[in-house]
Protein chains: 2
Amino acid sequence: MADTDDQNGAESAAKVRTLADLARIAGVSAGTVSRALAGNSLVNTKTREKIEAIAREHGFRPNQMASKLRRQKTGVIGVAIPLGHDVRQQISDTFFMTLLGYLADELTEKAYDLMLRRVIPARDEDWLDHFIGSGMIDGVIVIGQSDQFERIEDVADGYLPMVVWGNHQEGQRHCVVGSNNRLGGKLATERLIASGAKSLAFLGDTQPIEFAARYAGAKEVAAKMGVPIRALPTHLSPERTGEEIAQHLREIEGKVDGIFAATDTIAVTCLKELRERRMEVPGQIKIVGFDDLPISSQTMPPLTTVRQDIAAGAKGLVDLLLRRLEGEDTESLVLPPHLIVRETA
Amino acid sequence: MADTDDQNGAESAAKVRTLADLARIAGVSAGTVSRALAGNSLVNTKTREKIEAIAREHGFRPNQMASKLRRQKTGVIGVAIPLGHDVRQQISDTFFMTLLGYLADELTEKAYDLMLRRVIPARDEDWLDHFIGSGMIDGVIVIGQSDQFERIEDVADGYLPMVVWGNHQEGQRHCVVGSNNRLGGKLATERLIASGAKSLAFLGDTQPIEFAARYAGAKEVAAKMGVPIRALPTHLSPERTGEEIAQHLREIEGKVDGIFAATDTIAVTCLKELRERRMEVPGQIKIVGFDDLPISSQTMPPLTTVRQDIAAGAKGLVDLLLRRLEGEDTESLVLPPHLIVRETA
DNA sequence: CTGAAAGCGCTAACAA
DNA sequence: TTGTTAGCGCTTTCAG
């Protein structure tokens with residue numbers, strides 16, 4: 001029962017934009033309204049209910065900017081996706097996008113909002129400091145180290161609430177969550193060799209640290225088994241990949257019978273080129289991918305690949321970040337990859 | 001209570017967290033620092049340079065919360081993805097994620113940040129009001145109408161800066177950007193019939209308004225051409241789709257020779273089931289998808305589909321939203337879909 | 001061209 | 001249990 005001293009119909013027209021407005025019409029102080037709406041301390045139940053009713057009636061929501069400013073925390077986690085040289089490349093990368101989806105789920109669950117920022121390190125050297133220093137976020141998750149390993153290391157020294165998806169290196173200083181890429185590379189290569197491949201190739205850019213680790217694992221196994229392996233570099237941008245792969249295929253025809261693709265996306269494209277060149281898979285040439293994206297089970301033949309557990313990765317990222325927000329200096333989390341044997345090797 | 005008991009080396013150790021701090025060490029007032037850093041009005045060049053130097057040296061960045069509170073604008077655009085009944089469904093949906101990627105690009109370009117929120121309407125009726133009323137965003141882009149058409153309509157009446165990706169209906173009140181789904185459905189169906197199909201099926205959930213429109217277009221053409229068409233409902237969540245489709249396929253075997261799939265994702269799964277049942281495509285059964293996702297050119301045989309221009313969609317969403325932020329009451333934007341003929345029909 | 005001062009809307013002591 | 005009182009850090013008149 002609010003005192004409707006308004007003339008007529010003015011009731012619902014009254015704008016309630018601030019706590020003070022609401023306080024006035026409820027006949028209490030702003031402080032009380034704040035407490036009531038926070039559902040927090042010992043506010044008289046009657047008072048609270050009255051305030052809540054009025055708030056609901058007027059569709060009132062407290063201004064978050066003011067609240068965040070005052071409380072010195074934002075309730076927002078920043079998610080940065082650094083793009084490499086090929087600008088358009090990674091933001092639409094299926095793997096990262098899927099990870100982002102799960103991240104959104106996890107963060108929502110923990111009542112955090114997610115601020116997404118696509119960032120081009122080449123265009124803004126201090127992208128990470130800017131994001132962190134913006135005062136807009138409580139912590140940051142970086143998806144992919146790209147070629148920014150050193151910069152991330154530098155920042156990690158002075159900023160605790162940061163977790164990165166990527167590759168783990170002995171002795172690194174930033175907290176990372178990611179698959180054991182080297183092990184993944186080994187699994188893939190072992191499978192290729194076990195399937196009868198006698199001469200291997202790694203298909204994909206070897207610059208990014210994750211890929212380099214996959215290749216390193218592959219080389220290790222290949223060396224141990226006395227099987228030759230070569231790198232066939234590609235660039236991730238989908239438009240160029242097709243022709244690049246076709247080109248490679250032309251060159252290695254008859255010389256290579258086992259391909260380890262850096263990602264499923266590359267593997268799928270390769271599969272298609274192989275088909276167009278009428279090469280039998282896995283008869284003439286075997287292939288193993290990496291990621292286990294949904295498509296890999298849909299190809300013809302279905303792709304043998306190394307699975308990364310994206311959901312577990314997202315969960316790990318968020319868990320570790322929340323602990324860091326509490327001040328804990330968490331360890332990195334390295335997830336085991338799993339070989340998924342289908343029909344291409 | 002951090003009292004700066006700086007004993008030595010205080011100079012570079014001195015924490016510059018606020019404009020006032022910086023002002024003090026620059027020997028000017030906070031106001032001047034503010035102006036200088038905004039690069040804005042007529043600040044003496046010397047003064048500005050000095051301030052900028054100090055700011056750089058100390059890695060100072062003004063607190064955005066305070067700034068936003070004061071200026072009553074956030075520089076943040078909210079992006080909401082309402083999830084339907086199947087909770088996990090759409091956030092990982094390739095189409096939406098790709099759109100999100102382009103959106104991130106466009107918004108970054110315009111110097112806006114992007115706040116991503118996954119919402120479950122069934123769990124929070126007022127998801128849209130909450131997002132808008134949070135005071136955290138200047139405007140909102142809703143990706144997909146899901147089953148929230150009415151709620152969005154209601155909100156649109158009282159809130160200008162909102163643009164929605166979805167289907168356009170005659171006389172609707174909210175500003176929408178999307179493909180002409182009905183036309184897309186017609187294109188797909190015409191192609192199926194032109195390829196010789198004599199009995200059709202629409203594969204996919206017909207509840208979501210976009211899909212309903214696609215189906216409506218299909219029915220219109222089918223009726224005109226005197227070809228029967230039936231709906232085979234599926235749910236989007238990947239786990240269940242496979243068996244559902246297999247089930248449908250068993251039932252319609254020999255009765256249907258042309259399938260219009262609501263999305264490429266569904267089409268690809270269908271293709272796989274077809275392959276397992278040793279049905280020839282397009283010999284025994286033809287199929288057309290919708291979206292033209294990257295995978296559709298990678299399937300075997302490559303998928304004939306209806307292309308939606310995602311990049312143009314993202315650009316449209318952002319352009320319209322920015323105009324709405326200026327106060328313009330923009331019209332909806334309906335994009336023409338294009339039939340991409342490959343080998344499945 | 002620069003300083004002083006008044007808040008943006010909210011929260012959190014501290015009183016009452 | 002509630003009101004009062006200070007600000008959070010920044011921007012922006014209004015003077016000078």
Side-chain angles (χ1 to χ4, degrees), chain A residues 14-52 54-55 58-76 130 132-138, chain B residues 1-4 14-52 54-55 58-76 130 132-138:
Chain A
K15 277 220 174 179
V16 180
R17 305 219 59 75
T18 72
L19 283 191
D21 293 345
L22 181 27
R24 200 174 314 116
I25 118 168
V28 295
S29 79
T32 303
V33 176
S34 174
R35 288 183 281 251
L37 260 28
N40 226 327
S41 49
L42 314 305
V43 182
N44 185 328
T45 315
K46 282 244 177 74
T47 317
R48 192 217 312 298
E49 281 167 359
K50 181 174 171 188
I51 290 171
E52 282 172 344
I54 301 176
H58 292 266
F60 172 76
R61 308 234 76 218
N63 181 312
Q64 295 299 314
M65 288 303 162
S67 167
K68 291 171 194 311
L69 172 59
R70 177 59 229 241
R71 307 172 53 174
Q72 298 292 75
K73 78 183 288 289
T74 67
V76 179
H130 284 170
I132 289 168
S134 72
M136 293 277 302
I137 58 179
D138 290 340
Chain B
M1 20 215 55
D3 215 331
T4 33
K15 277 217 174 180
V16 180
R17 306 220 58 76
T18 73
L19 284 191
D21 292 346
L22 182 26
R24 199 175 314 115
I25 116 170
V28 295
S29 78
T32 302
V33 176
S34 175
R35 288 184 279 251
L37 260 28
N40 226 325
S41 49
L42 312 307
V43 181
N44 184 327
T45 314
K46 282 245 176 74
T47 317
R48 191 216 314 298
E49 280 167 359
K50 182 173 171 189
I51 290 171
E52 282 171 344
I54 300 176
H58 292 265
F60 172 76
R61 306 234 79 214
N63 181 313
Q64 295 299 314
M65 287 303 164
S67 167
K68 291 170 195 310
L69 172 60
R70 177 58 228 247
R71 308 172 55 175
Q72 299 292 73
K73 78 183 289 283
T74 67
V76 179
H130 284 170
I132 289 168
S134 71
M136 292 277 300
I137 59 179
D138 290 340

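Throughout, protein chains are lettered first and strands after them, A, B, ... in sequence-line order, and every chain is numbered starting at 1.
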* Let me know the distance between CG of A/L22 and C1' of C/dT11, rounded to the nearest Å. => 15 Å
* **Set of side chain to side chain contact (heavy atoms under 4.5 Å, CB included) partners for B/T74, sequence neighbours left out** => A/M65, B/K68, B/V76, B/D138
* Asked: What's the shortest heavy-atom distance between A/L37 and A/F60, and which atoms?
  -> CD2-CE2, 3.7 Å
* Atom CG of B/L19 to atom P of D/dT12: distance rounded to whole Å? -> 12 Å
* Interatomic distance, A/L37 CG vs D/dT2 C1' [rounded to whole Å] -> 16 Å
* Do you know the tightest heavy-atom contact between B/A30 and B/L19? -> O-CD1, 4.0 Å
* Excluding sequence neighbours, so at least two apart, what forms side chain to side chain contact (heavy atoms under 4.5 Å, CB included) with A/T18? -> A/A20, A/D21
* **Worked check of side-chain contact (heavy atoms from CB on, under 4.5 Å) between B/V33 and B/I54** => CA-CA 10 Å; B/V33 176; B/I54 300 176; over 6 Å; no
Could you run down the sub-3.5 Å N/O contacts of the protein with nucleotides 14-16 of chain C?
none

* Rounded off to whole Å, could you give me the NZ-to-C1' distance for the B/K50 and C/dT2 pair? => 13 Å
* To do: Indicate whether OP1 or OP2 belonging to D/dG3 is found under 4.0 Å from a side-chain N or O atom of A/T32.
  => yes
* To do: Measure the distance from CD1 on B/I51 to C1' on C/dT2 and round it to the nearest whole Å.
  => 10 Å
* Structure fact -> Rounded to whole Å, CZ of A/F60 lies from C1' of C/dG9 at a distance of 9 Å
* Can you name the closest pair of heavy atoms from A/A36 and A/V43 and give their distance? -> N-CG2, 3.9 Å
* All side chain to side chain contact (heavy atoms under 4.5 Å, CB included) counterparts of A/S134, not counting sequence neighbours -> A/M136, B/Q64
* Does A/R61 CZ have over 12 foreign heavy atoms under 6.0 Å away? -> yes
* Let me know the distance between CG of A/D21 and P of C/dG9, rounded to the nearest Å. => 9 Å
* Which nucleotide in the list D/dT2, D/dG3, C/dG3 gets nearest to the side chain of A/T47? -> D/dT2
* For B/R61 and D/dG9, what is the distance between atoms CZ and P respectively, to the nearest whole Å? -> 17 Å
* **Phosphate-side-chain proximity, B/S34 and D/dT11, N/O vs OP1/OP2 below 4.0 Å** => yes
* **Neighbours of DNA chain D within residues 64-73 of chain A, by heavy-atom distance under 4.0 Å** => A/L69, A/R70, A/Q72
* **side-chain contact (heavy atoms from CB on, under 4.5 Å) assessment of B/V28 paired with B/K50** => CA-CA 10 Å; B/V28 295; B/K50 182 173 171 189; 5.9 Å; no
* Structure fact -> If each end axis of the helix from C/dC1-D/dG16 to C/dA16-D/dT1 is fitted on five C1' pair positions, the angle between them, to 10 degrees, is 30°
* Quick one: OG1 on B/T32 to CG on B/N44, what's the gap to the nearest 0.5 Å? -> 10.0 Å
